[in-house]
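Counting from 1, the numbers follow the sequence of the chain as shown.
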Amino acid sequence: MIRNNSQVILYFYSIFLILFLSLTNQYFDYQESIIFGGADGEYYINISKSFPGLAESEMMPIHAERFFFYYIFGFFSKLLNIEVYYVYRFFVFIILGLVNIFLILICKSKNLDLRLSLIILSLINLNPYISRLNIAVPTVVNDLIFIFGLTLFLYSLESRKTKILITSLIILFFARQTSIAIIISLIFTKFVYRENFFFNNKKIFLIILGFFFIYFINYQYSSHVFNDPSYRWEQYSPEMRLFGFFLQDVAIEQKLLFLTLPFLSFFPLFLYIFIFRKVKKITFSLPEDPKIFFYLFICLLIVLQPILSGFLVTGRNIIRLTTLAYIPIIFLLVNASVFIELKNKVINVFFYFFVVTWSFHPTFSNIKFFKYLSKGLKSFF
C-alpha cells in the first residue's frame with residue numbers, strides 16, 4: 001500500500017527518471033526531427049506559426065484535425081517570443097511530469113505496493129517510444145498529450161472524479177481521432193453489462209455529444225485548410241484504414257515484419273508478465289468487473305487501428321501508434337491481477353537493469369549500446 005513516505009519516494013523517483021532521460025537523450029533540431037520520426041512536423045509547425053490565423057499551407061485532414069494544442073503552442077510562442085519548436089520541447093517535459101504525477105495518484109488510489117509502483121513508473125518512463133521519441137522529436141508532442149489524456153482518464157475512473165473525467169475527455173477528443181476508441185468502448189461495454197456498468201445512459205449520451213461537438217470544431221478548422229478530398233484518398237479512405245492490412249499488395253515477409261515491430265516498445269512489459277505473472281487458470285468467460293472489459297476493449301481498438309491500416313499506410317509508425325495503449329494495458333493487467341510485485345531481489349535488480357538498457361534506443365538515446373552491439377554482431381557473423 002502507498003503511504004505518504006512511499007508517495008514521496010515515488011515523486012523523487014519520477015524526477016530521477018526524467019533527469020536521467022534528459023541527460024541521456026538525443027535533442028534533434030527541426031530538420032533532423034523530420035528525418036527521425038517527425039515527418040508530419042512541418043504541418044504542426046505551420047499550424048503553430050499561423051496563430052491566430054489558419055495554417056498557410058494545405059494539409060491532410062488527419063493532421064489539420066489535431067490543430068488545437070499546436071494552436072495553443074503557437075500562442076505561447078508569440079506571447080513569449082520563443083521559437084515554437086522549443087515551446088514544443090518545453091511542453092514535452094511538462095507533460096511527462098504530469099503523466100508521472102497522475103500515474104502515482106492512480107497507484108495510490110489502487111493501494112498498490114511501493115515496489116510494484118516503482119516498476120510501473122520504470123516501464124512507462126523508460127519506454128523509448130513514450131519518453132525518448134518525444135524528447136528528441138517534440139513535433140509529435142500531440143501523441144504524448146493523448147497519452148496524458150488517457151492517464152488522466154484512467155485516474156478519473158479509478159478515483160471516480162467527474163471533473164477530471166470531463167477534462168480528460170476534452171484533452172483526448174482534441175488530441176487525436178483515436179479517441180473514438182473511448183466512445184465505441186463505452187457503448188459496447190454498456191450493451192454487454194447493462195446496469196452493472198458504472199456509466200449510466202445519460203452520462204454516455206453527454207460524452208458522445210461532447211465528442212461530436214469537438215469533432216465539429218476540428219472539422220471546421222480542417223475544412224478551411226484542405227480543399228481536395230481526392231488527395232491520397234486511396235491511402236486514407238475508410239476502406240484502407242480498416243482493411244488495408246488485408247487489401248494491400250505487400251509481400252508476406254513484410255507483413256510479418258510489420259506485425260513484429262510493436263515488440264520494440266512492448267518487449268519489457270511482455271518479459272515482466274512472462275517472468276512474474278500469477279499462475280491462474282485461463283477462462284474465456286466475461287470478466288465480472290466491467291472496468292476490466294472496458295479497458296480491454298479500449299486497448300484492443302487503439303492497437304488494432306494502426307495494424308489494420310497496414311504496412312503501406314502505417315509503416316514504422318505502428319510502433320509509436322500501438323504504444324498509445326501502453327499505459328491502459330498496464331492498468332488492465334493490474335486490475336486483472338496479472339501484473340504483480342517483484343519479490344526476488346536478484347531478478348528484481350536484473351529486470352531494472354534490462355529496462356534501463358532497453359531504453360537506450362539507438363536513434364533517440366545518446367548511449368549507443370545497441371548501435372555498437374548491432375555492428376559487433378554484423379562483424380561476428
The reported gap from CG in L123 to OG in S359 (rounded to nearest 0.5 angstrom) is 11.5 Å

F270-F274 co-clustered via ILVMFWY side chain contacts under 4.5 Å: yes

I'd like to check F90 versus I82 (side-chain heavy atoms, cut-off strictly below 4.5 Å). Are they in contact? no

So salt bridge (charged side-chain N to carboxylate O under 4.0 Å, His left out) across residues 304-324, not counting sequence neighbours, yields D143-R320

Walk me through it: do F351 and Y272 pass the test ring-ring contact (aromatic ring centres under 6.0 Å, His included)?
-> CA-CA 8 Å; F351 191 77; Y272 186 96; 5.2 Å; yes

Sorted by chain and residue number, the ring-ring contact (aromatic ring centres under 6.0 Å, His included) partners of Y326 (sequence neighbours excluded) come out as F266

### Query
Side-chain heavy atoms under 4.5 angstrom apart, residues restricted to Ile, Leu, Val, Met, Phe, Trp, Tyr: same cluster for I18 and I15?
no

Strictly by modelled atom types, are Y30 and T139 linked by a side-chain donor-acceptor pair under 3.5 Å? no

Hits for ring-ring contact (aromatic ring centres under 6.0 Å, His included) against F75, two or more places apart or cross-chain, chain-then-number order -> F51

Taking the six-membered ring for Trp and the single ring otherwise, decide whether the centroids of F173 and Y215 are under 6.0 Å apart.
-> no

### Query
Can you find a heavy atom in the side chain of L105 that is under 4.5 Å from one in the side chain of K161?
no

inquiry  = Do L150 and I182 have side chains that approach each other closer than 4.5 Å (heavy atoms only, starting at C-beta)?
reply    = yes

S265 meets the side chain to side chain donor-acceptor pair (under 3.5 Å) criterion, sequence neighbours left out, with N127, T323

A side-chain contact here means heavy atoms from C-beta on lying under 4.5 Å apart; do L133 and F36 qualify? no

* To do: Please answer: with hydrophobic residues joined when any side-chain heavy atoms are less than 4.5 Å apart, are F213 and I184 in the same cluster?
  => yes

Check your understanding: S365 side chain to P362 main-chain N or O, any donor-acceptor pair under 3.5 Å?
Key -> no

*Assign the ring pair F188 / F293 to parallel, tilted or perpendicular, where the plane angle (0 to 90°) is split at 30° and 60°.*
parallel

Which of L10, N348, D113 passes side-chain contact (heavy atoms from CB on, under 4.5 Å) with L118? It is L10

Tell me if a side-chain donor or acceptor on S222 pairs with a main-chain N or O of N218 at a distance below 3.5 Å. no

Exactly one of Y85, Y44, F174 clears ring pair (Phe, Tyr, Trp, His ring centres under 6.0 Å) with Y70, and that residue is Y44

According to a hydrophobic-cluster definition based on side-chain heavy atoms being under 4.5 Å apart (Ile, Leu, Val, Met, Phe, Trp, Tyr only), do L172 and L300 belong together? yes

Nearest heavy-atom contact between A136 and F364 is CB-CD2, 3.9 Å

By ring-ring contact (aromatic ring centres under 6.0 Å, His included), F67 pairs with (sequence neighbours left out) Y71, Y221

To the nearest 0.5 Å, atom CG of L324 lies from atom SG of C299 at 11.0 Å

Next item on the list: Would you check if there is a donor-acceptor pair between the side chains of N335 and K110 at a distance under 3.5 Å?
Entry: yes

- Does the side chain to side chain contact (heavy atoms under 4.5 Å, CB included) test come out yes or no for L154 and F102, once each step is laid out? CA-CA 9 Å; L154 295 176; F102 284 96; over 6 Å; no

With sequence neighbours left out, the residues meeting ring-ring contact (aromatic ring centres under 6.0 Å, His included) with F76 are F91

TODO: Quick one: do T363 and R132 satisfy side chain to side chain donor-acceptor pair (under 3.5 Å)? Show the steps, please.
DONE: CA-CA 9 Å; T363 302; R132 293 197 185 279; over 6 Å; no

Note to self: Show, in sequence, the C-alpha distance, side-chain angles and deciding distance for L264 and Y129, and conclude whether the side chain to side chain contact (heavy atoms under 4.5 Å, CB included) test is met.
What the structure shows: CA-CA 9 Å; L264 294 173; Y129 296 94; 4.1 Å; yes

Separation between OH (Y43) and OG (S48), nearest 0.5 Å, reads 15.0 Å

CG of L271 to CH2 of W358, rounded to nearest 0.5 Å, is 9.5 Å

Contacts satisfying side chain to side chain donor-acceptor pair (under 3.5 Å) that involve residues 248-257 (not counting sequence neighbours) are none

Ring centroids only, cut at 6.0 angstrom: are Y88 and F73 within range, meaning strictly under it?
yes

Would you say the side chain of T314 lies within less than 4.5 Å of the side chain of I307, judging by non-hydrogen atoms?
no

Here the salt bridge (charged side-chain N to carboxylate O under 4.0 Å, His left out) pairs for residues 289-313, sequence neighbours left out, are E158-K291

Contacts of Y193 meeting side chain to side chain donor-acceptor pair (under 3.5 Å) (sequence neighbours excluded), chain-then-number -> none

- Message: Can you tell me if Y11 has over 12 outside heavy atoms packed within less than 6.0 Å of its OH?
- Response: yes

* To do: Quick one: do S77 and Y86 satisfy side chain to side chain donor-acceptor pair (under 3.5 Å)? Show the steps, please.
  => CA-CA 9 Å; S77 174; Y86 298 111; over 6 Å; no

Distance col, row L169:CG vs I207:CD1, nearest 0.5 angstrom, shows 5.0 Å

Next item on the list: Begin with the C-alpha distance, continue with both residues' side-chain angles, and end with the deciding distance and a verdict on side chain to side chain contact (heavy atoms under 4.5 Å, CB included) for F68 and I214.
Entry: CA-CA 10 Å; F68 183 77; I214 291 176; over 6 Å; no

CD of E32 to CD1 of I34, rounded to nearest 0.5 Å, is 10.5 Å

Identify whether L257 and V303 are in the same connected component of the hydrophobic contact network (ILVMFWY, side-chain heavy atoms under 4.5 Å).
-> no

**Message:** Contact between F246 and L308 at the side-chain level, heavy atoms closer than 4.5 Å - yes or no?
**Reply:** yes

Q | Heavy-atom check, side chain of I329 versus side chain of L333, under 4.5 Å | A | yes

**Prompt:** Side-chain donor-acceptor pair under 3.5 Å between Q177 and R66, yes or no?
**Reply:** yes

Does OH belonging to Y219 count more than 12 external heavy atoms closer than 6.0 Å?
no

Original post:
Taking the side chain as C-beta and beyond, is there a heavy-atom pair between T189 and F199 under 4.5 Å?
Top reply: no

*Has the side chain of T322 got a donor or acceptor atom that lies under 3.5 Å from a matching backbone atom of P262?*
no

Sorted by chain and number, sequence neighbours left out, side-chain contact (heavy atoms from CB on, under 4.5 Å) with S14 holds for N100, I104, L121

Validate the cation-pi geometry between R194 and F191: distance from NZ or CZ to the six-membered ring centre under 6.0 Å, angle to the ring axis within 45°. yes

Applied to residues 92-102, the salt bridge (charged side-chain N to carboxylate O under 4.0 Å, His left out) test, sequence neighbours excluded, yields none

Residue pairs meeting salt bridge (charged side-chain N to carboxylate O under 4.0 Å, His left out), one or both in residues 33-54, sequence neighbours left out, come to K49-E83

